[in-house]
Amino acid sequence: MSVLVYTENWDGKFKKLSFELVSYATGVAKMIGASVTAVSIGRVEETELKKLGNYGAAKIITVNNDGLNVLDNQAYASVISEAALKEHATIIIISNNNSGKAIAPRLSVRLKAGVGSGVSRLPISLNPFTVYKRTYSGNAFAHLVIKSDVKILTLAQNSFDLAETPGNTCTIENLSVAVDGSVIKTSVRDVQKQTGKILLTDADVVVSGGRGMKSPDNWGPLTELASLLGAATACSRPVSDEGWRPHEEHTGQTGKIIAPNLYIAVGISGATQHLAGISSSKYIVAINTDKDAPIFEAAQYGIVGDAMKILPKLVEAVKDLKK
Ligand SMILES: Cc1cc2nc3c(=O)[nH]c(=O)nc-3n(C[C@H](O)[C@H](O)[C@H](O)COP(=O)(O)OP(=O)(O)OC[C@H]3O[C@@H](n4cnc5c(N)ncnc54)[C@H](O)[C@@H]3O)c2cc1C
């Protein structure tokens, strides 16, 4: 019996979320008296694969077929389900990010498994199997009972601390899975990968702008602050809808859900739908001209004032600190 965890890598390097997922899987495995098997898809060097062992994986299954270079979630679901059947996995853990949200329902059909999506804590009880998840854009929580024999949990990002397991050893096993036309129903013509940019979902610090930034021309000091802090940039939905910033930066209910250590919200009112994507951040700092803006209720620190005047001062202050 094993807890199976699907880990994600980017160009052969594991994303931070993969170590979170393995840490979480290790916690679940301890509860049910099982071991953790991690699945890695794509070309990843052995030294990198072994890092999963530092968080409790006892076995790593690596699948590296050419047919899997297409970043196709149908193919990934097929590989994970084969690995799950082979390992007799009763609990499968994947991220609650876009790719996890696409894989979970496909896996659910293949394995006749119930899905607990967006869980953020270890299961509350094993019998009945009950998990905790936030719901209604983070305004409520739910206790969800999963009755099927095989269970799939998608873990909310940054909701579980990394937990190293000193002394743990792991084995690595290659698995070959046929990925052909019977599995892939669509064809990917072109994949364009971003380079040199901090991934928003992995970032420790995020500087985010809203409609209060007034125009796409005003973003200079915000991006400069982000670059000085080694931060990713983000934005509210109207900003990306207006085309001021790219859609991949949009956070919130209909955008990315993030939980960095520090989220700096500039000219963002703090609508419920925005907070749904950022309220799990450890510290929120708000900069807003309106002292009554709802963002200040979510923020630990705030500056009431004009972002156009405050951002350049922050940039200078960070430069001074770095001298
Ligand atoms: C179904 C649905 C889903 C949605 N999903 C999302 C989502 O995922 N993400 C999201 O962000 N929104 C989402 N929205 C939209 C959401 O309701 C808000 O409209 C949006 O978040 C507001 O964006 P904003 O804070 O940038 O703009 P505004 O609400 O216009 O706020 C701008 C803020 O800037 C301040 N300001 C103005 N000038 C300055 C200045 N010079 N310096 C500093 N501050 C200044 C203002 O006081 C104000 O608080 C969704 C809405 C719906 C209906």
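Along the sequence shown, the residues carry numbers beginning at 1. We count ligands from 1, going down the list as the structure has it; atoms in each ligand are counted the same way.
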Does a donor on one side chain and an acceptor on the other come within less than 3.5 Å for Ser125 and Thr130?
yes
Protein heavy-atom contact under 4.0 Å for atom 15 (C) of ligand 1?
no
At a 4.0 Å cut-off, with the gap strictly under it, does some heavy atom of Gly305 reach an atom of ligand 1?
yes
Taking atom types as modelled, find out whether Arg237 and Thr254 have a side-chain donor-acceptor pair closer than 3.5 angstrom.
yes
Would you give the length of the straight line joining atom OG of Ser148 to atom CD1 of Ile146, rounded to the nearest 0.5 angstrom?
6.5 Å
Test Glu8 against Ser99 for side chain to side chain contact (heavy atoms under 4.5 Å, CB included), laying out the working first.
CA-CA 9 Å; Glu8 293 180 28; Ser99 139; 3.6 Å; yes
Number the atoms of ligand 1 from 1 as they appear, then name those within less than 4.0 Å of a heavy atom of Ala271, with their elements.
16 (C), 17 (O), 18 (C), 21 (O)
For atom 37 (C) of ligand 1, which of the options Cys235, Ala234, Gly212 provides the nearest non-hydrogen atom?
Gly212
Using a 4.0 Å cut-off to any heavy atom of Gly255, which atoms of ligand 1 qualify?
8 (O)
Quick test: of every protein heavy atom, which one is nearest to atom 41 (N) of ligand 1, and how far off is it to 0.1 Å?
Asp306 OD1, 2.9 Å
Do any nitrogen or oxygen atoms of Gly210 come within less than 3.5 Å of a nitrogen or oxygen of ligand 1?
no
4.0 Å protein heavy-atom contact status of atom 1 (C) of ligand 1, strictly under
no
Counting heavy atoms only, name the option from Pro294, Ser208, Ser236 that's nearest to atom 24 (P) of ligand 1.
Ser236
I'd like to know whether Ile278 forms a side chain to side chain contact (heavy atoms under 4.5 Å, CB included) with His274, so could you lay out the CA-CA distance, the side-chain angles of the two residues, the decisive distance to 0.1 Å, and finally the verdict.
CA-CA 7 Å; Ile278 60 110; His274 186 80; 3.9 Å; yes
We want to know whether Arg134 and Ser280 form a side-chain donor-acceptor pair, criterion being a heavy-atom distance below 3.5 angstrom.
yes
For atom 9 (N) of ligand 1, find the nearest protein heavy atom and state the residue, atom name and distance (0.1 Å precision).
Thr251 O, 2.8 Å
In this structure, atom 35 (C) of ligand 1 is nearest to the protein heavy atom Asn288 OD1, 3.3 Å
Counting only heavy atoms not in Asp290, do more than 12 sit closer than 6.0 Å to its CG atom?
yes
Would you say the rings of Phe141 and Tyr132 are close, in the sense that their centroids are separated by under 6.0 Å?
yes
Which atoms form the tightest heavy-atom contact between Glu249 and Thr233, and what is the distance?
OE2-OG1, 2.8 Å
Before signing off on this row, confirm whether Gly267 and ligand 1 have an N or O atom pair separated by under 3.5 Å.
yes
Face-on cation placement of Lys151 at Phe129 ring, 6.0 Å and 45° thresholds:
yes
Please state whether the rings of Trp219 and Trp244 are parallel, tilted or perpendicular, taking 30° and 60° as the class boundaries.
perpendicular
Which is closest to atom 7 (C) of ligand 1 in terms of heavy atoms, Lys309, Glu242, His250, Arg211?
His250
With the threshold set at under 4.0 angstrom, would you say Ile268 reaches ligand 1 through any of its heavy atoms?
yes
Tell me whether Lys51 is salt-bridged to Glu48, with the criterion being a basic N under 4.0 Å from an acidic carboxylate O.
yes
So which of Thr7, Val5, Asn9 actually passes side chain to side chain contact (heavy atoms under 4.5 Å, CB included) with Ser18?
Thr7
Nearest to atom 38 (N) of ligand 1, what protein heavy atom do you find, and at what distance?
Lys214 NZ, 2.6 Å
Under 4.0 Å to a heavy atom of Gln253 - the qualifying atoms of ligand 1, by number
7 (C), 8 (O)
In terms of residue, atom name and distance, what is the protein heavy atom nearest to atom 31 (O) of ligand 1?
Ser269 CB, 3.3 Å
Just to confirm my output: which protein heavy-atom neighbour is closest to atom 23 (O) of ligand 1, and how far is it?
Pro238 CG, 3.3 Å
Restricting to heavy atoms, the pick from Gln273, Lys256, His274 nearest atom 53 (C) of ligand 1 would be Gln273
When you measure from atom 12 (N) of ligand 1 to every protein heavy atom, which one gives the shortest distance, and what is it?
Arg237 CB, 3.4 Å
Would you mind checking which non-hydrogen protein atom is closest to atom 42 (N) of ligand 1, with the distance to 0.1 Å?
Ala307 N, 2.9 Å
Can you tell which of Thr272, Asp241, Thr289, Ile278 gets a heavy atom nearest to atom 44 (N) of ligand 1?
Thr289
